[in-house]
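First comes the structure, then the notes that go with it.
Below, all heavy atoms of this structure are taken into account, side chains as well, without hydrogens, waters or symmetry copies.
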Amino acid sequence: MTGLLELHDVSLSFKGVRALNALSFSVAKGEICALIGPNGAGKSSLLNVINGVYRADAGDIVFDGLRFEAIHPQKAAHLGIGRTFQHNALFRRLSVRENVLAGLSRHGNASFFENIFRLGRDGAERQGFLARAERTMSFLGLDRHAGRIVSTLPYGLQKRVDLARALVAGPKLLLLDEPMAGMNQEEKEEMSRVIREVNRVFGSTVVLIEHDVGIVLNLASHVVVLDYGRKLADGAPDEVRKNPDVIAAYLGTVH
Amino acid sequence: MTTLQESAPTKPLRQPAFGVGTLAIVAGLIAAFAVPAIADDYWLSSIIIPTVIMGLAGIGLNLLMGYTGLVSIGSAAFMSIGAFSTYNLLLRAPFLPLPVVLIIAGLIAAIAGVIFGLPSLRIKGFYLGASTLGAQFLFEWLFTNFSWFSNDSQSLTISAPRLQILDYDLQSATGRYYLVIATTVLLIALAFAIVKSRVGREWMAIRDMDVAASVIGIRVARRKLLSFGISSFFLGIAGALWAFGYLGTADAHAFNLDKSFQILFIVIIGGVATIFGNFLGAAFIVLTPILLDRLSLIIDLSFLGDQGALANLQHIIFGTIIIVLLIKEPDGLSSLGRRGVEALRSRARSSN
């Protein structure tokens, strides 16, 4: 089994507390994979290990054929791993457009002098960046808010800006940390639709964390259930739904 | 989601703003070059020149602190490096024209800035501020204990060799003013070019959320060091102008911790992440003590006894004004100005 992303026996602990315990699973190219599990199950930690914010104690990761034990977040970005955050980590004093443009930074190839004196490759870079940012913003319905400072936007729109910033760079793998947290049912369904579109139109493989099991089982084609840093179940939504361990630990008994 | 989309987006008034902006730039340049026709030597030498130079130093620190979010309380050290480098270059390489000397001096300060910026890759906030104190004390010590830097002068002072560009003598108040204002105008243009480029955007991204900046692929370490370098380049040139365009003769103590704090206040009072705000902050720092001096001459303060008590009273009043200002206007004087302009604009719009 080879996937776009493979984890082999990944472990992580914080001062003796095991956050991830010899975790292995594989994410196939093009799928939407959901991580579910109770608070403290290690879901966010797992995303942080994949894109290098945390360093695993043991195990290794294969992304797009490249094997590594630890990776620098910038390197992960340059390999094509995009990421959104559970708690908005936007550049709060910048406009929506500037936030999205910042997401393109890794594609900048003009040198410092070209950039500040507007020489050589700078013109093409500026235009190319703007065009990509505009396309992404209109895809996510953000074009009308492009000039707004992000900290003045309502929460739901900020979540979209976070997604736009990750998406604009054209990531091969998109890690979404609770993209629907704090949303009502209608907004969650809207966000699900957007994620499905992103997956279909941009071809990005998606790994997401979400607590709303109803939403997840509809959206994802692959579900991994975590509990106390261990993998409890791994498979298609229907299999996972029937798994007795999952029912006992997380979904609750179905009568 | 539909309700969210109905909230009015603020449309940037790009087309008209551009016309007005160009007009403002031209008017500002004309005004800047016409100043010596209106102001006498006292105003030029004692008020306008120091205000402009301190504003320029404020820009230097603001690029680092306001745009990149890195604190420094060693700004004056980089000014002293610029001043001592300029002195030695003019002395030891007399064939170099003054503009080239200023640029090289700025670059030397920039290298020092990058080196003292290295701790910023590991620490931030208050602790980084404390570590920049290292630069402050090291260079003050270096320039007072090694007389080579001041050409073995007994008093450890550096005086400008003749300031000239293409045989044009710049020793008069007017000449020094033109040297200062021309350098400053060019550096303001450079500062705007930087903050409006990808580099500026990446700095602000690091300032607002450095983990996210790293995760989207911004080369955080490289950008931080670049910010220290560019900030120190501006400060180095400001230091050279301070020593030779304003003071005439300087020693290392002209660039002590007091000066670093003044620059810090200029940034905070003028407004973080602004360019022109620094000149408002500088005007405040330069003018307030002069005004307090004048005021104490008018009011009879003989009951205070001696001059020392009077000076202390001035410090207390100065500090109080800063505190009140920061409570009433935490975003600095520039936001006060911006609100004024917006109010005028909306009035003009409603009258149309």
Pairs of heavy atoms under 4.5 Å with chain B: top-ranked of [options]:
{"options": "A/Leu101, A/Val53, A/Asn51, A/Leu153", "value": "A/Leu101"}
{"options": "A/Ala169, A/Pro171, A/Gly108", "value": "A/Gly108"}
{"options": "A/Lys75, A/Arg93, A/His78", "value": "A/Arg93"}

Relative to chain B, which segment of A/Ala89 carries a heavy atom at a distance below 4.5 Å: side chain, backbone, both, or neither? both
Side chain from CB out, backbone as N, CA, C, O: work out which of these in A/His107 comes under 4.5 Å of a heavy atom of chain B, or both, or neither. neither
Spell out, as yes or no, whether a donor-acceptor pair under 3.5 Å connects the side chain of [X] to the backbone of [Y].
{"X": "A/Arg160", "Y": "A/Leu140", "value": "yes"}
{"X": "B/Ser231", "Y": "B/Gly60", "value": "yes"}
{"X": "B/Ser214", "Y": "B/Asp210", "value": "no"}

Can you check salt bridge (charged side-chain N to carboxylate O under 4.0 Å, His left out) on A/Asp162 and A/Arg165, steps first, answer last? CA-CA 5 Å; A/Asp162 197 5; A/Arg165 186 178 66 181; 3.3 Å; yes
Axial cation check for A/Phe85 ring with A/Arg83, 6.0 Å and 45° limits: yes
Using every non-hydrogen atom in the two residues, find where A/Ser204 and A/Leu167 come nearest and quote the distance to one decimal. OG-CD1, 4.4 Å
For residues A/Asp212 and A/Gln185, report the shortest heavy-atom separation together with the two atoms involved. OD2-OE1, 3.8 Å
Highest number of heavy-atom pairs under 4.5 Å with chain A among B/Arg207, B/Met204, B/Lys196 belongs to B/Arg207
Sort by residue number and list every member of residues 120-130 of chain A having a non-hydrogen atom under 4.5 Å from chain B. A/Glu125, A/Arg126, A/Phe129
Below 4.5 Å from any heavy atom of chain A, which atoms of B/Val195 appear? Answer side chain, backbone, both or neither. neither
Under 4.5 Å from a heavy atom of chain A, the part of B/Ala213 involved: both
Among B/Lys224, B/Arg223, B/Arg219, which one satisfies salt bridge (Lys or Arg N to Asp or Glu O under 4.0 Å) with B/Glu202? B/Arg223
Would you call the rings of A/Phe117 and A/Phe113 parallel, tilted or perpendicular if under 30° counts as parallel and over 60° as perpendicular? parallel
Quick one, A/Tyr54 and A/Ser45 - any side-chain contact, counting heavy atoms below 4.5 Å? yes
